[in-house]
**Student:** 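Have a look at the structure that comes next, please.
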Amino acid sequence: MNKIKQKYKNKKLLKVNEKNDIDSIIEIFQRFGKKYNVITTTLDPNIQYQTKETKITQTYTKTIQNTNINKMIKRLKAQGKITLIIIDNMKKNNNEQITSKIKKINSLENVKTKKIKENDIFKTLDLVFEGGVK
């Protein structure tokens with residue numbers, strides 16, 4: 001048992017929701033397994049990852065557009081400290097409705113948001129896991 005503890009002594013713990021699809025779990029293990037102690041566990045609904053102090057979830061701009069903002073804000077407030085990664089999957093970026101919804105979400109004290117392109121997901125996740133997203 002001591003050998004296992006020593007192996008992970010200097011690594012941060014990264015929890016991955018076991019309800020994520022199997023391909024994404026495997027990819028997280030492959031990309032972050034050397035740097036983090038990655039474990040699968042049951043997390044709150046809609047939470048995909050968790051570090052010691054922060055819950056992390058991803059969503060798409062299309063989802064934000066189609067979601068009732070008041071329900072989303074209510075769920076986000078109940079989560080505690082959370083980082084929301086918004087993946088831009090819309091061709092038209094100048095959508096005022098999405099921009100106003102993101103501003104409302106940003107106004108919450110417990111929520112940090114980061115809007116990214118689809119090809120920046122893993123680079124952004126690494127920054128979030130390290131605590132570097134503001």
Side-chain angles (χ1 to χ4, degrees):
M1 188 67 170
N2 279 341
K3 289 182 182 180
I4 294 172
K5 286 183 181 180
Q6 287 177 351
K7 181 179 177 182
Y8 296 111
K9 174 173 93 173
N10 295 326
K11 291 184 177 183
K12 289 185 178 182
L13 180 64
L14 171 60
K15 297 178 184 177
V16 178
N17 196 339
E18 64 185 17
K19 298 196 191 263
N20 288 4
D21 86 351
I22 191 70
D23 292 334
S24 83
I25 293 172
I26 291 169
E27 189 145 11
I28 291 297
F29 271 97
Q30 289 174 339
R31 290 192 183 247
F32 299 110
K34 291 182 180 178
K35 193 171 184 180
Y36 300 98
N37 179 14
V38 181
I39 61 168
T40 56
T41 187
T42 304
L43 298 175
D44 295 338
N46 300 321
I47 300 298
Q48 293 171 316
Y49 315 104
Q50 184 173 349
T51 60
K52 186 175 183 179
E53 63 279 337
T54 304
K55 298 174 183 176
I56 301 138
T57 191
Q58 300 173 172
T59 190
Y60 290 94
T61 51
K62 188 79 168 173
T63 306
I64 290 176
Q65 181 182 25
N66 297 332
T67 304
N68 180 329
I69 190 66
N70 294 325
K71 288 181 182 178
M72 183 181 269
I73 288 174
K74 188 175 181 180
R75 279 187 277 160
L76 288 170
K77 281 184 179 179
Q79 290 296 330
K81 188 175 176 182
I82 186 167
T83 300
L84 179 64
I85 299 173
I86 303 167
I87 302 165
D88 190 0
N89 66 334
M90 301 202 42
K91 294 178 182 171
K92 186 177 175 185
N93 290 335
N94 299 330
N95 193 327
E96 294 298 322
Q97 180 186 20
I98 294 171
T99 306
S100 91
K101 286 183 176 184
I102 292 172
K103 283 182 182 179
K104 286 180 183 179
I105 293 169
N106 272 333
S107 68
L108 300 174
E109 291 180 18
N110 64 319
V111 179
K112 292 181 185 178
T113 61
K114 178 74 176 168
K115 190 173 178 183
I116 64 169
K117 296 178 182 174
E118 283 188 90
N119 56 355
D120 293 340
I121 292 172
F122 291 106
K123 182 172 72 172
T124 304
L125 281 174
D126 194 28
L127 285 172
V128 171
F129 297 155
E130 288 294 324
V133 171
K134 296 180 180 177

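Index from 1, following the sequence.
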**Student:** Sort out for me which residue in V128, I56, I105 forms a side chain to side chain contact (heavy atoms under 4.5 Å, CB included) with L84.
**Tutor:**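 Testing each of V128, I56, I105 against L84, the sole residue satisfying side chain to side chain contact (heavy atoms under 4.5 Å, CB included) is I105.
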**Student:** Return the CD to OG1 distance between Q97 and T99, rounded to the nearest 0.5 Å.
**Tutor:**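 Q97 atom CD to T99 atom OG1 measures 9.5 Å (nearest 0.5 Å).
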**Student:** Identify the two heavy atoms, one from I28 and one from V16, that lie closest to each other, and give their separation to 0.1 Å.
**Tutor:**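 Scanning both residues, the minimum pair turns out to be CG2-CG2, 3.7 Å.
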**Student:** Relative to each other, are the rings of F32 and F122 parallel, tilted or perpendicular (30° and 60° limits)?
**Tutor:**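 Because their plane-to-plane angle lies in the 30° to 60° range, the rings of F32 and F122 count as tilted.
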**Student:** What are the two closest non-hydrogen atoms of I25 and E18, and how far apart are they?
**Tutor:**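 In terms of heavy atoms, the two residues are closest at CD1-O, 4.0 Å.
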**Student:** Enter the distance from T54:OG1 to K81:NZ here, rounded to the nearest 0.5 Å.
**Tutor:**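 Atom-to-atom, T54:OG1 and K81:NZ are 4.0 Å apart.
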**Student:** Under the side chain to side chain contact (heavy atoms under 4.5 Å, CB included) test against T113, which residue among L108, N106, T59 passes?
**Tutor:**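 Looking at L108, N106, T59, the match for T113 under the side chain to side chain contact (heavy atoms under 4.5 Å, CB included) is N106.
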**Student:** Taking N110 for its side chain and G80 for its backbone only, find out whether a donor-acceptor pair lies under 3.5 Å.
**Tutor:**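 Yes, N110 side chain to G80 backbone: donor-acceptor pair under 3.5 Å.
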**Student:** Between atom CG of N70 and atom NZ of K101, what is the distance when rounded to the nearest 0.5 Å?
**Tutor:**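 One gets 9.5 Å once the value is rounded to the nearest 0.5 Å.
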**Student:** Under a plain distance cut-off of 3.5 Å, with no hydrogens placed, do N66 and Y60 share a side-chain donor-acceptor pair?
**Tutor:**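 Y60 vs N66: no donor-acceptor pair found between side chains.
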**Student:** Report the distance from atom OG1 of T41 to atom NZ of K19, rounding to the nearest 0.5 Å.
**Tutor:**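 Spacing of OG1 (T41) from NZ (K19) equals 11.0 Å.
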**Student:** So D126 and K35, do their side chains get closer than 4.5 Å, heavy atoms only?
**Tutor:**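 Heavy-atom side-chain distance check passes, below 4.5 Å.
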